[in-house]
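Note: hydrogens, waters and symmetry copies are ignored here, and every other heavy atom, side chains too, is used. Each chain gets a letter, A, B and so on, in the order the sequences are listed, and its residues count up from 1.
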Number of protein chains: 2
Amino acid sequence: MMKIDQKDRQILRVLAREGRISNLALAERVALSPSATLRRVQALEAAGVIAGYRAMLDPAKMGQGFVAYLSVGLKTHTKSAQAAFEQAMAAASEVRECHNVTGNVEYLLRVEAADLPAYKRFHTDILGALPQVSTITTYVVIGSPKDERK
Amino acid sequence: MMKIDQKDRQILRVLAREGRISNLALAERVALSPSATLRRVQALEAAGVIAGYRAMLDPAKMGQGFVAYLSVGLKTHTKSAQAAFEQAMAAASEVRECHNVTGNVEYLLRVEAADLPAYKRFHTDILGALPQVSTITTYVVIGSPKDERK
DNA sequence: CAATCAATGATGAAAATTGACCAGAAAGAC
DNA sequence: GTCTTTCTGGTCAATTTTCATCATTGATTG
């Protein structure tokens, strides 16, 4: 585990919001020389603190107007049932996130689809076809007042 | 709304995974000249299809070992109650995402905290203190077999 | 078939990246 | 206290990238 000082936190805070900021601008923002800044960023990347960089795409602007979170409960909690479910989720392009959680359900999914019919296809053809699944609850996203996903 | 062709989709697919790739490398990847590639990227940014770029930070490596999703139900569904709740979420640094959803709850939150005590503080002092909140259910994230958040 | 419009590729100047090298501060050993 | 050792920052220059401009290609329309 690497030690993260105040300057590192400053850098991370900036990069979390502006992942494509130039090293020069970043250096100026955190009041450091470009080379020192670069060294820190590289160290943070090497340590895995920065796992990568992503462009944030707007689903609506890409014709993916339908976003929902689903809670999924499994019939059995065997390792093989979980593995099979996770494999199906990995293969499903509509599934952007699949979190294994504690509580009265096993999984929480984020699903993005073009529209309601497309979502229905996923719901019935993919999820509904899985023998491990026992309960599905859909929470359609109306809006996201805050979204700092990183 | 801008039209997005196959090349654009290629570009987006690459940028979604490697947000900091150089324009030169991106151009090579999608088999286009650098200038044409840059123009497309700029158009996508201007159209809002690319909403921004983010560094993906590893919560665990930053001492934020505790990640949970919470479903939150409100007592009343007035506009003012929602606004007050959303404002509180915007102010809470532990809250990384706040989605307004349909279903038997109003909100779905993603919360990241250093550990269980830190989470408890958020749960009781912040969420518990809000008069609008009626129900809270916590789903602690054990693992994320898939996470393509963008 | 000519004209027009859109998109591409080429070019080059300006800017950014990135690593080598050096200086100074902090920590530890004696 | 002094001498190392280590760590972090700054400077600078070579390399690479960005990005605006311009000519060309190709498709579409009248």
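With salt bridges taken as basic N to acidic carboxylate O contacts below 4.0 Å, one links A:Arg110 and A:Glu112.
Smallest separation of non-hydrogen atoms from A:Ile50 and A:Leu12: CG1-CD2, 3.6 Å.
Between A:Arg29 and A:Ile21 there is a side-chain heavy-atom pair separated by less than 4.5 Å.
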Contacts table for residues 35-48 of chain A: side-chain donor-acceptor under 3.5 angstrom, sequence neighbours left out:
unit_1	atom_1	unit_2	atom_2	d
A:Ser35	OG	A:Ser33	OG	3.4
A:Thr37	OG1	A:Ser33	O	2.8
A:Arg40	NH1	A:Asp5	OD1	3.0
A:Arg40	NH1	A:Asp5	OD2	3.1
A:Arg40	NH1	A:Asp8	OD1	2.9
A:Arg40	NH1	A:Asp8	OD2	3.4
A:Arg40	NH2	A:Asp5	OD2	3.2
A:Glu45	OE2	A:Tyr53	OH	2.7

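With hydrogens and angles left out, the side-chain atoms of B:His77 and B:Gln82 include no donor and acceptor closer than 3.5 Å. Between the side chains of A:Tyr69 and B:His99, a donor-acceptor pair is found at a separation under 3.5 Å. Side-chain contact of A:Thr138 with A:Tyr119: a donor-acceptor pair under 3.5 Å is present, judged by distance alone.
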What does nucleotides 7-19 of chain D look like as a protein-contact string, B for base, S for sugar-phosphate only, - for none, at under 4.0 angstrom between heavy atoms?
-SBBB-----SBB
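First and last contacts of DNA chain C with chain A, using any nucleotide atom under 4.0 Å from a protein heavy atom and ordered 5' to 3', fall at C:dA16 to C:dG19.
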